[in-house]
There are 2 protein chains.
Amino acid sequence: MIPGEGCCSTPMVAEPVSEPDAVAFAQTFKALSDPVRLRLLSLIAARAGAEVCVCDLLDAFAQTAPTISHHLKVLRDAGLITGERRASWVYYRVVPSALAELSQLLDASAMTAAADA
Amino acid sequence: MIPGEGCCSTPMVAEPVSEPDAVAFAQTFKALSDPVRLRLLSLIAARAGAEVCVCDLLDAFAQTAPTISHHLKVLRDAGLITGERRASWVYYRVVPSALAELSQLLDASAMTAAADA
DNA sequence: CGTCGAGTTTGACACTTGTCGAATCCGATG
DNA sequence: CATCGGATTCGACAAGTGTCAAACTCGACG
């Protein structure tokens with residue numbers, strides 16, 4: 001094939017995410033890829049820096065307690081929230097920096113792509 | 001239980017995402033929850049408004065053409081990219097507004113949560 | 001110390017998803 | 001019109017995921 005014509009020109013690619021980074025980010029996005037988890041995160045984030053008790057969250061869902069607990073674990077493992085046991089109850093809060101990092105990644109991609117020549 | 005003590009106080013919840021919205025956003029995040037798709041999107045977005053031919057993308061992955069095509073379809077169905085056939089080749093470009101919307105959602109949650117009292 | 005209640009872990013099961021090979025579609029070109 | 005090559009679709013299968021019931025852990029409280 002003659003270079004520079006047809007497709008497959010422009011071999012230079014600006015700055016795509018590296019493969020290891022892609023794996024890490026994908027894992028985090030996977031934690032957000034469930035409606036229950038998104039609403040959980042939203043409910044926790046809505047508390048403006050304060051904490052949310054699990055018992056508060058259970059009322060908002062049709063799912064059983066084990067299921068909610070499972071989803072909270074997924075969010076915790078992804079580093080999006082942290083949980084702390086105090087007295088009989090467990091309180092969760094979000095990790096703002098984790099959300100901000102994802103936001104910036106998407107924003108950067110949007111900006112780069114929107115830079116229409 | 002006595003209201004106002006222990007856990008389960010503060011019944012008001014600021015402004016969580018609605019359940020239908022959660023389903024829609026979760027579906028979009030699911031499209032981002034795979035390393036291959038994340039790198040595909042990144043490679044396409046890195047072209048700064050220009051297009052990328054599928055044949056360019058294939059070289060960057062160990063996966064076969066059908067697999068890459070499948071992932072491109074997922075990204076397309078999620079509204080994150082658009083594809084256009086011209087001559088023998090298919091060219092893809094990202095939809096900046098879709099990425100921006102997700103970015104804002106995460107940023108808003110991060111901001112709300114970071115508003116530490 | 002026995003019990004109770006909040007929350008998590010375990011085990012099981014239906015369903016979804018990433019992957020590939022084979023077949024198909026669709027322009028272009030001879 | 002036959003053929004070729006790029007890209008997608010189809011069919012199948014292993015691996016992963018959401019869900020629940022049952023069992024377990026851990027403080028608190030009587």
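Below, chains carry the letters A, B, ... as their sequence lines are ordered, and counting in each starts from 1.
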**Student:** Using only side-chain N and O atoms of A/Lys30, determine if any of them is under 4.0 Å from OP1 or OP2 of C/dT17.
**Tutor:** no

**Student:** From CG of A/Leu75 over to P of C/dT8, roughly how many Å is that when rounded to an integer?
**Tutor:** 12 Å

**Student:** Given the ring of A/Tyr91, does A/Arg85 sit roughly above its face, with NZ or CZ under 6.0 Å from the centre of the six-membered ring and within 45° of the axis?
**Tutor:** no

**Student:** Could you check how far CZ of B/Phe29 sits from C1' of D/dG18, rounded to whole Å?
**Tutor:** 19 Å

**Student:** With no hydrogens and no angle check, do the side chains of A/Ser103 and B/Ser103 hold a donor and an acceptor under 3.5 Å apart?
**Tutor:** yes

**Student:** Report the nucleotide, chosen from D/dT19, C/dG7, D/dA7, that has the shortest atom-to-atom distance to any side-chain atom of A/Cys55.
**Tutor:** C/dG7

**Student:** Which part of the nucleic acid, if any, lies within contact of B/Phe61, taking any heavy atom under 4.0 Å across all strands shown: a base, the sugar-phosphate backbone alone, or nothing?
**Tutor:** nothing

**Student:** Considering residues at least two apart in sequence or located in another chain, which fulfil the side chain to side chain donor-acceptor pair (under 3.5 Å) criterion with B/Ser97?
**Tutor:** none

**Student:** Would you mind reading off the distance between B/Ile68 atom CD1 and D/dG6 atom C1', rounded to a whole angstrom?
**Tutor:** 14 Å

**Student:** Could you list, one pair per line, each protein nitrogen or oxygen that sits under 3.5 Å from a nitrogen or oxygen of nucleotides 22-28 of chain D, together with the distance?
**Tutor:**
none

**Student:** Measure from CG on B/Leu58 to C1' on D/dA7 and round the result to the nearest Å.
**Tutor:** 9 Å

**Student:** Does the side chain of A/Arg37 come within less than 4.5 Å of A/Val74's, by heavy atoms?
**Tutor:** yes

**Student:** Which nucleotide wins on minimum distance to the side chain of A/Thr67, given the candidates C/dT8, D/dT19, D/dT8?
**Tutor:** D/dT19

**Student:** For the pair made of CZ in A/Arg39 and P in D/dG18, what is the distance, rounded to whole Å?
**Tutor:** 16 Å

**Student:** Let me spell it out: for each of B/Tyr92 and A/Val36, pick the nucleotide of DNA chain D with the closest heavy atom. Which residue's pick is nearer the 5' end?
**Tutor:** B/Tyr92

**Student:** Nearest whole Å is fine: how far is D/dA7 C1' from B/Asp59 CG?
**Tutor:** 14 Å

**Student:** Please give, in whole Å, the distance from C/dA6 C1' to A/Tyr91 OH?
**Tutor:** 11 Å

**Student:** Okay, side chain of A/Ser33, backbone of B/Ala26: is any donor-acceptor separation there less than 3.5 Å?
**Tutor:** no

**Student:** Is it the case that B/Tyr92 and B/Arg76 place a side-chain donor and acceptor less than 3.5 Å from each other?
**Tutor:** yes

**Student:** Starting from P on C/dG7, measure out to CZ on A/Arg76 and report it in whole angstrom.
**Tutor:** 12 Å

**Student:** Between A/Ser69 and A/Pro66 (side chain of the first, backbone of the second, donor and acceptor by atom type, cut-off under 3.5 Å), is there such a pair?
**Tutor:** no

**Student:** Minimum heavy-atom separation for A/Arg47 and A/Glu51, please, with both atom names.
**Tutor:** NH1-O, 3.4 Å

**Student:** Regarding A/His70, tell me which of base, sugar-phosphate or nothing describes its non-hydrogen contacts under 4.0 Å with the strands shown.
**Tutor:** base

**Student:** From the set D/dG18, C/dG7, C/dT8, return the single nucleotide nearest to any side-chain atom of A/Asp34.
**Tutor:** D/dG18

**Student:** The side chain of B/Lys73 is closest to which nucleotide in this list: C/dG7, D/dT9, D/dC20?
**Tutor:** D/dT9

**Student:** Between B/Ser69 and D/dA7, is there a contact of a side-chain N or O with OP1 or OP2 at under 4.0 Å?
**Tutor:** no

**Student:** Consider the side chain of A/Leu72, meaning its heavy atoms from C-beta on, and name the nucleotide among D/dA7, C/dT8, D/dG18 that approaches it most closely.
**Tutor:** C/dT8

